[in-house]
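Throughout, protein chains are lettered first and strands after them, A, B, ... in sequence-line order, and every chain is numbered starting at 1.
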Amino acid sequence: MRTSEGMGLPAPAGLPAPASHRVYGPSALGGGLHRFWSLTVMLARTEFKLRFFGSVLGYLWTLMRPLLLFGVLLFVFTELLHVNKVGIPHYPEYLLESIILFTYFQETTAGSVASLVARENLLRRVRFPRLVVPMSVALTCFFNLCMNLIVVFIFIFAAGIEPRWSWLELPVLVALLVVLSTGVGMLLSALYVRFRDMQPIWEVLLQILWYGSPILYTVDTAANHEIFGISFAKLLVVNPIGAILTQARRAMLEPNAPSAAEALGGHVLLLLPLGIIAGLFAIGLWYFNREAPLISEKL
Amino acid sequence: MPAASSPTAPSAVSVEGVSKTFRLPHQQYSTLKERALHPLRRTTYDELRAVQDISLEIAEGEFFGIVGRNGSGKSTLLKCIAGIYRVDTGRISVAGRLSPFIELGVGFNPDLNARDNVIINAIMLGLSRKQAMARFEHVVAFAELEGFMDLRLKNYSSGMLVRLAFATAIQVDAEILLIDEVLAVGDAAFQQKCFEEFFRLKREGKTIVFVSHDMYSVERFCNRAMLLEHGQMTKIGDPRVIGRAYHELNFGKLAHDAPAESHSASGTAISDAWFENAGGERVTSASQEDSLSMCFEARFGEDLKEPVFAVTLRTDLGHTIIVARSDQHSHVSGSFKGGESVVARFAIPNWLTPARYLLTPSLAREGTGEDALALVEDMASIVVHGTGSGGILELPIDMRLERL
């Protein structure tokens with residue numbers, strides 16, 4: 001017991017009464033940036049800890065999955081189907097890099113879908129900015145991405161590729177991927193509260209996106225194909241993931257490969273994939289913000 | 001009802017005409033398939049009016065209790081104040097920092113160890129990681145869980161869990177605390193610590209709003225309390241008065257129900273049972289230290305000599321507190337004729353601890369009392385108000401200290 005106030009006296013007088021402020025319901029972002037950030041980090045950290053609790057290899061498992069997928073695909077496509085002999089230079093490195101980048105998108109979005117419902121316990125009992133929940137998923141996945149990219153670099157160096165100034169494009173491309181993934185993640189997590197169908201729907205869409213993005217192949221492979229009279233190669237790059245992968249290939253692996261702009265046929269057309277990224281992010285944020293006050297009671 | 005306010009201090013929490021209605025859809029999940037198949041069908045809702053037009057002012061430094069039965073809207077109101085639910089109408093203003101959560105151990109994860117959980121909980125309370133680390137030792141010491149910090153929470157006993165949760169929760173740096181049912185946790189020694197902690201918060205001038213079913217803690221801590229019934233405020237004021245109203249709400253009904261008569265083959269029956277105060281009035285609640293009579297009325301169906309009148313007083317948990325018989329201490333009851341009615345009264349000084357008690361009257365033939373003519377289980381009930389020490393009786397105690 002503290003003796004200084006042990007006299008049973010009421011609250012110290014003389015202190016000015018704090019200004020009264022109105023309590024609104026829960027929101028997507030309210031409560032200060034500092035709290036937003038520390039909560040996001042805390043949730044991401046917890047998630048990370050829980051995932052590897054009690055596993056001997058711990059973090060290595062996160063690496064294992066894309067690497068194993070890479071190994072299998074590489075074997076199938078170069079040894080059985082001889083894709084590499086058709087002439088994709090640095091195909092293994094491209095395949096690995098693309099798998100890693102796509103894995104980030106996949107983990108973030110798929111992880112976000114049910115994230116709010118999984119955090120019901122918190123949402124119903126604590127006031128905190130609701131956006132923390134999908135953001136923490138994106139943060140956990142981003143950490144994985146960074147670690148996985150180290151492996152990509154090991155492979156790139158092993159393939160004898162020299163560092164180039166164009167490598168500096170990678171952070172920009174990753175940033176675009178992060179914006180895209182979190183935008184979609186926000187949208188999906190808020191939609192899932194109302195429509196539980198979002199989970200299977202999104203699984204199917206991810207599958208389509210996996211084959212519809214130049215991961216197993218490149219834009220060159222698709223150069224002479226058309227769908228409804230539109231060049232399939234161009235469609236691939238309108239897909240923002242395709243644009244990012246194509247640009248990353250040129251920046252990181254193969255200076256002679258077409259850039260995203262070249263694949264689209266003009267710099268102005270880059271606005272298409274960029275617009276989709278910005279649009280999805282804006283829609284995601286808008287919808288999440290709109291739903292945020294009611295999430296805790298609609299769960 | 002006008003907002004009752006304490007005139008002495010500036011208002012810390014101000015609630016004006018707040019209502020909250022939940023719409024509970026009849027099908028829990030609306031899937032896209034259903035939407036596609038029945039595009040015109042509107043989802044039907046049940047409306048649950050959890051909180052209806054509540055206004056109140058809670059003064060700075062006040063300890064305010066919200067009581068009411070399950071589903072009366074207490075927690076919903078608290079969640080509205082906390083900003084966890086958005087109110088439908090009305091407005092809520094607070095002056096000062098508000099604790100962000102209302103329950104203990106929110107976000108505790110059974111798969112993580114206590115150390116991690118304390119940090120997580122503290123961050124949710126609004127502390128930074130650094131602050132949380134700095135106060136960690138304090139939390140451990142308060143919870144008396146040194147040596148258990150690396151144990152996963154799933155291996156904690158429920159008592160250890162609440163201790164940890166409580167120790168973390170009081171680290172909050174808020175001026176207004178909202179608490180849902182967290183008093184009186186753990187064993188007796190820890191409970192005492194919790195109570196001391198609440199007195200400390202009270203002395204520090206924190207405003208505390210708390211929801212409880214435990215009238216004892218409401219009466220002990222609160223400056224004022226409010227009774228909610230079906231989402232509406234039915235009473236606000238002195239916690240003792242509110243506590244009594246709450247008890248009446250809960251138990252009063254049963255005591256007023258017409259008792260079922262119990263007949264034996266001979267027609268001997270107990271027709272009524274009740275409690276009386278010193279003035280001979282029937283009561284369903286009583287204050288401590290008043291005199292109290294346990295009474296019942298019986299009618300004889302046959303001639304009887306020396307029948308045994310008895311009453312058993314039990315708590316609502318079924319613990320027997322008093323058994324009183326007319327043949328105790330060689331009292332005689334006399335002879336009765338068939339058709340005669342009689343009222344038996346057993347007067348006691350009321351030293352019972354605050355709780356609800358049930359009266360079971362019985363009538364038996366002369367002898368051991370086993371040969372019952374009539375017995376009605378829990379025929380009358382009474383609620384005792386006052387202060388409780390944790391025992392079953394509040395006997396007058398003459399306490400002396402002798403210096404050696």
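When all heavy atoms are compared, the tightest approach of Val23(A) to Ala82(B) is CG1-C, 4.5 Å.
Leu98(B) touches chain A through backbone and side chain together, each having a heavy atom under 4.5 Å away. In this structure, no portion of Lys130(B) lies under 4.5 Å from any heavy atom of chain A. Looking at Arg129(B), the atoms closer than 4.5 Å to chain A (heavy atoms on both sides) all sit in the side chain, from C-beta outward. Interface residue Ile81(B): only backbone heavy atoms are found under 4.5 Å from chain A. For chain B, the nearby parts of Arg125(A) are the backbone and the side chain; heavy atoms of each come within less than 4.5 Å. For Leu294(A), the part sitting under 4.5 Å from any heavy atom of chain B is the side chain, from C-beta outward, and nothing else. In this structure, the portion of Asp116(B) lying under 4.5 Å from any heavy atom of chain A is its side chain and not its backbone. Of the two parts of Tyr85(B), the backbone and the side chain both hold a non-hydrogen atom closer than 4.5 Å to a non-hydrogen atom of chain A.
Between Glu47(B) and Arg23(B) there is no salt bridge, since no side-chain nitrogen of the basic residue lies less than 4.0 Å from a carboxylate oxygen of the acidic one.
Distance OG/Ser99(B) to CE/Met124(B): 13.5 Å, rounded to 0.5 Å.
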Take Phe64(B) and Phe210(B), measure what ring pair (Phe, Tyr, Trp, His ring centres under 6.0 Å) needs, and give me the verdict at the end.
CA-CA 6 Å; Phe64(B) 189 85; Phe210(B) 98 109; 9.8 Å; no
Go through it in stages, so that I can follow the logic: the residues are Asp88(B) and Ser19(B), the test is side chain to side chain donor-acceptor pair (under 3.5 Å), and I'd like the CA-CA distance, side-chain angles, deciding distance and then a yes or no.
CA-CA 6 Å; Asp88(B) 294 335; Ser19(B) 298; over 6 Å; no
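The cationic group of Arg130(A) lies under 6.0 Å from the six-membered ring centre of Phe128(A) and within 45° of the ring axis, placing it in a cation-pi geometry.
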